[in-house]
Engineer: 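Here it is, the structure, as structure tokens.
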Amino acid sequence: MPELPEVETIRKGLIKLVGGAVITDVAVFWDRMITPPFSTERFKTVLCGEQIHTIERRGKYLIFLLDHWAMISHLRMEGKYEVSESGEPIKKHTHVIFYLADGRQLRYLDVRKFGKFTLLPIEKRDDYEPFKKMGPEPTADFFKLSKFKKDLSRSHRAIKAVILDQNIVAGVGNIYADESLFQAKIHPLQYADTIGPVAAKRLHEAIIDVISRSVEAGGSTIRTYKNTLGEAGKFQVSLAVYGQTGQPCPNCGHPIEKIRVAQRGTHYCPHCQQMPRVRPKATDSTDIAYKGAR
DNA sequence: AAAGGTGTTTATCG
DNA sequence: TCGATAAACACCTT
């Protein structure tokens, strides 16, 4: 469910609610959520007595910084956090409970059970394999156009698959991939290595812009997303294409269409986001062969 | 009413 | 190595 703006909103809410709290006990109801090499048993033992000093984020991952450990949490499709008083009934799909010293409980809920927890000694928190390979955060400070252009030129995949790849740029998921491509006026199926410098620059700017505006709005609530305080996001009303199949394009009025790209539902405006006509390099005789062919 | 789709990642296969 | 596909799981919509 959550992409970078939603995870960032959750992070802020968690800091407000459980920043400084001390974990006194942990219950895990779905073992596979705790990834090796940590057994559920060791996960629980190690966390007892640890204080949550702060919570950071990298891409779509949350990083709880404790006394001796970094607890890394990925919400995947449907993960949520709630902070409850001890007496509150435990909802369906609650899989982990962190009991806090003040009597409250931090609860992790996940309908599809795809979410993952892992622990690293705090001094090794950058050694987490997904972080080592992960692309830059999608902000002007980290996300550099020159590197992005190089990455595009080296990839034969559809551009949408490339910007969903966390190793290219971190935190972009299905919603913001579609929105960024719309804003940059690029067809989601265009091969990355055919995207010229001007379009690449538009896309780079669009990704930074779309993500930052959504962070500002507290993310998008499409179906079930709520932040830690139980509030919905506000960015869904600004979505131009995602989930807007059949609705008029905000630019040209043409109905938004839905196709499948990289196994993901993909929304775009067929009028504003056109595939460029294939233009052969004007270098040799192949040029002549193409003349008249199209 | 069975089949297919859902905001994600990773393992596996060609 | 790269890129496509399936799998992890429960629920909702066609």
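Numbered from 1 within each chain, the chains take letters A, B, ... in sequence-line order. All figures in this text were calculated on a predicted structure; none of them were measured in a lab.
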Engineer: Would you kindly give the CG-to-P distance between Asp165(A) and dT1(C), to the nearest whole Å?
Structural biologist: 15 Å
Engineer: Measure from CD on Gln263(A) to P on dG3(C) and round the result to the nearest Å.
Structural biologist: 13 Å
Engineer: Which part of the nucleic acid, if any, lies within reach of Tyr61(A) when heavy atoms closer than 4.0 Å are counted: base, sugar-phosphate only, or nothing?
Structural biologist: sugar-phosphate
Engineer: Decide whether Leu106(A) and Val22(A) are clustered together by the hydrophobic rule: side chain heavy atoms of Ile, Leu, Val, Met, Phe, Trp, Tyr closer than 4.5 Å, transitively.
Structural biologist: no
Engineer: Which residues pass the ring pair (Phe, Tyr, Trp, His ring centres under 6.0 Å) test with Phe148(A), not counting sequence neighbours?
Structural biologist: Phe143(A)
Engineer: If you look only at pairs with a residue in residues 70-89 of chain A, which of them pass as a ring-ring contact (aromatic ring centres under 6.0 Å, His included), with sequence neighbours excluded?
Structural biologist: Tyr61(A)-His74(A), Phe64(A)-Tyr81(A), Tyr81(A)-Tyr108(A)
Engineer: Would one find a side-chain N or O of Lys116(A) under 4.0 angstrom from OP1 or OP2 of dT9(B)?
Structural biologist: no
Engineer: Each nucleotide in nucleotides 7-14 of chain C should get exactly one letter: B, S or -. Can you fill that in based on protein heavy atoms under 4.0 Å?
Structural biologist: -BBBS---
Engineer: For the pair Ser39(A) and Ile34(A), evaluate side-chain contact (heavy atoms from CB on, under 4.5 Å) and give the outcome as yes or no after the intermediate values.
Structural biologist: CA-CA 7 Å; Ser39(A) 64; Ile34(A) 314 301; over 6 Å; no
Engineer: Rounded to whole Å, please give me the gap between CG in Leu4(A) and C1' in dG7(B).
Structural biologist: 13 Å
Engineer: Examine dG7(B): is either OP1 or OP2 under 4.0 Å from a nitrogen or oxygen in the side chain of Tyr176(A)? Give yes or no.
Structural biologist: no
Engineer: Atom NZ of residue position Lys144(A) - does it have more than 12 heavy atoms of other residues, nucleotides or ligands inside 6.0 Å?
Structural biologist: yes
Engineer: Give the rounded distance in Å between these two atoms: CG of Leu164(A) and P of dT5(C).
Structural biologist: 15 Å
Engineer: Starting from P on dG3(C), measure out to CG on Leu189(A) and report it in whole angstrom.
Structural biologist: 15 Å
Engineer: Report yes or no: do Tyr176(A) and Ser214(A) form a side-chain donor-acceptor pair below 3.5 Å?
Structural biologist: yes
Engineer: Checking Glu56(A) now: which residues fulfil salt bridge (charged side-chain N to carboxylate O under 4.0 Å, His left out) with it, not counting sequence neighbours?
Structural biologist: Arg125(A)
Engineer: Tell me whether Arg213(A) is salt-bridged to Glu216(A), with the criterion being a basic N under 4.0 Å from an acidic carboxylate O.
Structural biologist: no
Engineer: Go through the structure and list residues passing side chain to side chain donor-acceptor pair (under 3.5 Å) with Arg57(A), not counting sequence neighbours.
Structural biologist: Glu8(A), Glu137(A)
Engineer: In which ranges does DNA chain C form stems of 3 or more consecutive Watson-Crick or G-U pairs, distances under 3.5 Å?
Structural biologist: B:2-6 with C:10-14, B:8-14 with C:2-8
Engineer: Between atom CD in Glu129(A) and atom P in dT9(B), what is the gap in whole Å?
Structural biologist: 16 Å
Engineer: Could you tell me the separation between the CD atom of Glu179(A) and the P atom of dG7(B), rounded to a whole number of Å?
Structural biologist: 13 Å
Engineer: Using the test side chain to side chain donor-acceptor pair (under 3.5 Å), find all partners of Lys147(A) that sit at least two apart in sequence or belong to another chain.
Structural biologist: Asp151(A)
Engineer: Got a sec, which hydrophobics cluster with Phe29(A), joining ILVMFWY side chains under 4.5 Å apart, including via others?
Structural biologist: Ile90(A), Ile97(A), Tyr99(A)
Engineer: Measuring to OP1 and OP2 of dT8(B), would you say a side-chain N or O of Gln166(A) lies under 4.0 angstrom away?
Structural biologist: no
Engineer: So, using side chain to side chain donor-acceptor pair (under 3.5 Å) as the criterion, who are the partners of Asp193(A) when residues are at least two apart?
Structural biologist: His156(A)
Engineer: Check this one for me: any side-chain N or O of Lys258(A) less than 4.0 Å away from OP1 or OP2 of dT6(B)?
Structural biologist: yes
Engineer: Which part of the nucleic acid, if any, lies within contact of Gly115(A), taking any heavy atom under 4.0 Å across all strands shown: a base, the sugar-phosphate backbone alone, or nothing?
Structural biologist: nothing
Engineer: For Lys44(A), look at atom NZ and say whether over 12 heavy atoms of other residues, nucleotides or ligands are found less than 6.0 Å away.
Structural biologist: yes
Engineer: Does any residue of residues 145-158 of chain A have a heavy atom under 4.0 Å from DNA chain C, and if so, which ones, in number order?
Structural biologist: Ser155(A), His156(A), Arg157(A)
Engineer: Given atom CG of Asn167(A) and atom C1' of dC2(C), what is their separation to the nearest angstrom?
Structural biologist: 13 Å
Engineer: Can you sort out the partners of Asn167(A) under side chain to side chain donor-acceptor pair (under 3.5 Å), two or more places apart, ordered by chain and number?
Structural biologist: none
Engineer: Below 4.0 angstrom from OP1 or OP2 of dT6(B), is there any side-chain N or O of Arg260(A)?
Structural biologist: yes
Engineer: With the criterion being N/O to N/O and under 3.5 Å, what pairs connect the protein with nucleotides 11-14 of chain B, and how long is each?
Structural biologist:
none

